[in-house]
Amino acid sequence: MKIRNRLSNFYTLVAGSLLMIISIVIFFASSSYRENAFYQRLSERVQVTEQLFLEKESLSAEVYQSIRDKFLHFLPEEIEYVGTVEQFEKVAQDSLVDVLPSDFVAEVQESGFAEFHKGTKQGAGRLYTHNNRRYAVVVIASDQYGLAYINRLRNLLVVGVGIALLLIWVTSRAVARQALKPIAKKVREAQMIGASNLHLRLEVHNSKDELGQLAIAFNDLLDRLEKAFNWQKNFVRNASHELRNPLAAILGHSELVLRKTRSKEDYVEALQNIHREASRLNHLVNNILQLMPVKDSDMLPSQERLRLDELLLEAQETLRLTRPNNQVRVDWDNMPEDPNSMEIEGNANLLQSALVNLLDNACKFSNNQPVEVAFQQVHNAIELSIRDHGIGIPPEEREKVFQPLHRAGNARGYKGSGLGLALAQRIVELHHGAIELDPRDEEGTRVNLKFPVAAQQLMEV
Ligand code: ATP
Ligand code: MG
């Protein structure tokens with residue numbers, strides 16, 4: 001069921017229930033008021049009848065009858081009884097047996113006064129003593145006008161509530177449709193957005209209302225999707241480009257050498273070329289495979305408490321194997337005073353691999369010129385900066401170099417496949433850290449890393 005229908009049904013139900021309760025209260029209050037008012041009239045009649053009966057002896061029969069006709073017989077379907085209690089008992093059993101309730105006579109005798117309501121008839125009876133004899137006066141009548149009024153009121157309420165419900169349902173549907181119109185518009189806008197126009201966004205008319213916030217959240221989601229989508233697109237494009245080059249070289253060398261019979265030296269040279277390209281391919285594929293599991297998961301394989309300065313020393317050792325002439329200098333003099341603030345939680349292998357990649361870049365793109373590494377404690381985090389004096393990264397490439405397989409234009413002369421930085425970024429993010437290129441650098445490159453200090457350390461501080 002659409003929200004629009006649900007809303008209008010809900011409001012109709014709530015308003016209908018309220019109207020129904022109010023109508024029932026009005027009906028029963030009016031009904032009870034009518035009944036009481038008629039009892040009041042009946043008991044007044046009983047008194048008048050009683051008075052008249054007492055005066056009867058002093059009046060002539062004609063006068064008595066004319067007063068009776070004039071004042072008493074105007075209640076609809078009125079039955080009036082005045083007589084001794086014994087006679088009344090007899091009359092009650094004979095002619096009034098269908099009209100009076102069974103316990104009425106006994107109640108009148110017991111309490112001296114009683115009222116009853118049976119079907120459309122109401123009655124009142126009183127006991128009084130005159131000349132040492134007990135008499136009963138009973139007046140029974142039907143409140144035809146009052147009952148007709150109550151019936152009319154009931155019909156009016158039923159029809160009124162019915163019409164009101166219909167009106168509420170129709171108007172609430174219209175209001176709901178009007179209120180939900182902007183949502184329907186947003187749905188249409190969202191339906192227009194697809195892979196080919198992922199740059200489109202929903203319009204935000206008022207950022208403070210719920211719809212505006214929904215549109216903002218949806219646009220944020222689109223931002224992230226677009227980023228991920230572009231990441232994949234660039235990755236596939238760069239990967240196919242990078243894989244095609246060594247493959248083309250392997251095919252070229254092999255086709256050339258197979259064209260005719262060649263000397264042993266030629267075969268050796270061709271095989272060496274093929275081997276070199278195959279090694280490049282192998283390195284590339286290995287790097288891609290290394291990136292994938294880290295890229296896809298949000299969990300670290302295993303975690304332990306590590307010291308960042310120790311990790312750096314180990315990374316330097318590893319770097320020395322591939323770049324024995326590196327000039328990485330760590331600023332040990334300006335270390336944070338508390339050695340415990342160097343402790344972070346993480347996976348040693350992954351963190352080392354990230355550090356080696358960054359140190360390797362710094363050495364490679366500066367042709368082994370000095371590289372400065374420094375630590376700094378900032379609140380609950382430890383920062384590490386790696387600074388080189390190499391070719392630098394052009395400002396327009398700063399965002400892109402974190403994409404896998406992307407290499408800046410000025411890096412063409414240097415070996416590499418463009419995966420190290422992407423891998424390092426992913427590893428740092430998995431450790432809830434941050435990596436950024438310091439934009440202040442005019443000469444060379446400065447990479448800043450930031451990791452949260454391990455939890456227990458923080459509690460001790
Ligand atoms: P790989 O690390 O896969 O061997 P790579 O070093 O070229 O290859 P990344 O480490 O991912 O790739 O770096 C991506 C690009 O960022 C580099 O190609 C280069 O253009 C730029 N870059 C990274 N670090 C530096 C640096 N210290 N100085 C200058 N450019 C850099
Ligand atoms: Mg690299």
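For clarity, every value in this text was computed on a predicted model and none was experimentally measured. In each ligand, atom 1 is the first atom listed, and ligand 1 is the first ligand listed.
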Residue part near ligand 1, for T445, under 4.0 Å between non-hydrogen atoms: side chain
Atom 27 (N) of ligand 1 - nearest protein heavy atom and its distance: D388 OD2, 2.8 Å
Does ligand 1 have any atom that is closer than 4.0 Å to a heavy atom of G390? no
Under 2.8 Å from the Mg ion (ligand 2), can any N, O or S atom of N361 be found? yes
Of all the heavy-atom pairs spanning P452 and H432, show the shortest one and how long it is. CD-O, 3.4 Å
Nearest protein heavy-atom contact for atom 9 (P) of ligand 1: which residue, which atom, what distance? L421 N, 3.5 Å
So, Q369 versus Q327: side-chain donor-acceptor pair below 3.5 Å or not? no
Do any nitrogen or oxygen atoms of K415 lie less than 3.5 angstrom from nitrogen or oxygen atoms of ligand 1? no
Any N or O of A408 closer than 3.5 Å to N or O of ligand 1: yes
N-O pairing of R201 and E226 below 4.0 Å: yes
If you scan protein heavy atoms around atom 12 (O) of ligand 1, the nearest is G418 CA, 3.0 Å
G420 N/O under 3.5 Å from ligand 1 N/O: yes
Pairing donors with acceptors under 3.5 angstrom, does anything connect the side chains of R276 and N273? yes
Distance to 0.1 Å, residue and atom name: give those for the protein heavy atom nearest to atom 17 (C) of ligand 1. F365 CZ, 3.6 Å
Run the side chain to side chain contact (heavy atoms under 4.5 Å, CB included) check on R34 and Y149 step by step: do they pass? CA-CA 9 Å; R34 179 210 63 77; Y149 165 77; 5.8 Å; no
Nearest non-hydrogen protein atom, atom 30 (N) of ligand 1: I393 CG1, 3.3 Å
If you measure every N/O of L419 against every N/O of ligand 1, is any gap under 3.5 Å? yes
Nearest protein heavy atom to atom 21 (C) of ligand 1, by residue and atom, and its distance? V401 CG1, 3.8 Å
Check whether the side chains of R173 and N5 place a donor and an acceptor atom closer than 3.5 Å, and report yes or no. yes
protein heavy-atom neighbour closest to atom 7 (O) of ligand 1 works out as R407 NE, 2.7 Å
So which heavy atom in the protein is nearest atom 24 (N) of ligand 1, and how far is it from that ligand atom? N361 ND2, 3.3 Å
Give the atoms of ligand 1, by number and element, whose distance to some non-hydrogen atom of A411 is under 4.0 Å. 18 (O), 19 (C), 20 (O)
Tell me, please: is K364 in heavy-atom contact with ligand 1, that is, under 4.0 Å? yes
Does any N or O of ligand 1 fall below 3.5 Å from an N or O anywhere on H406, backbone included? no
Does any N or O atom in G416 lie less than 3.5 angstrom from one in ligand 1, N or O only? no
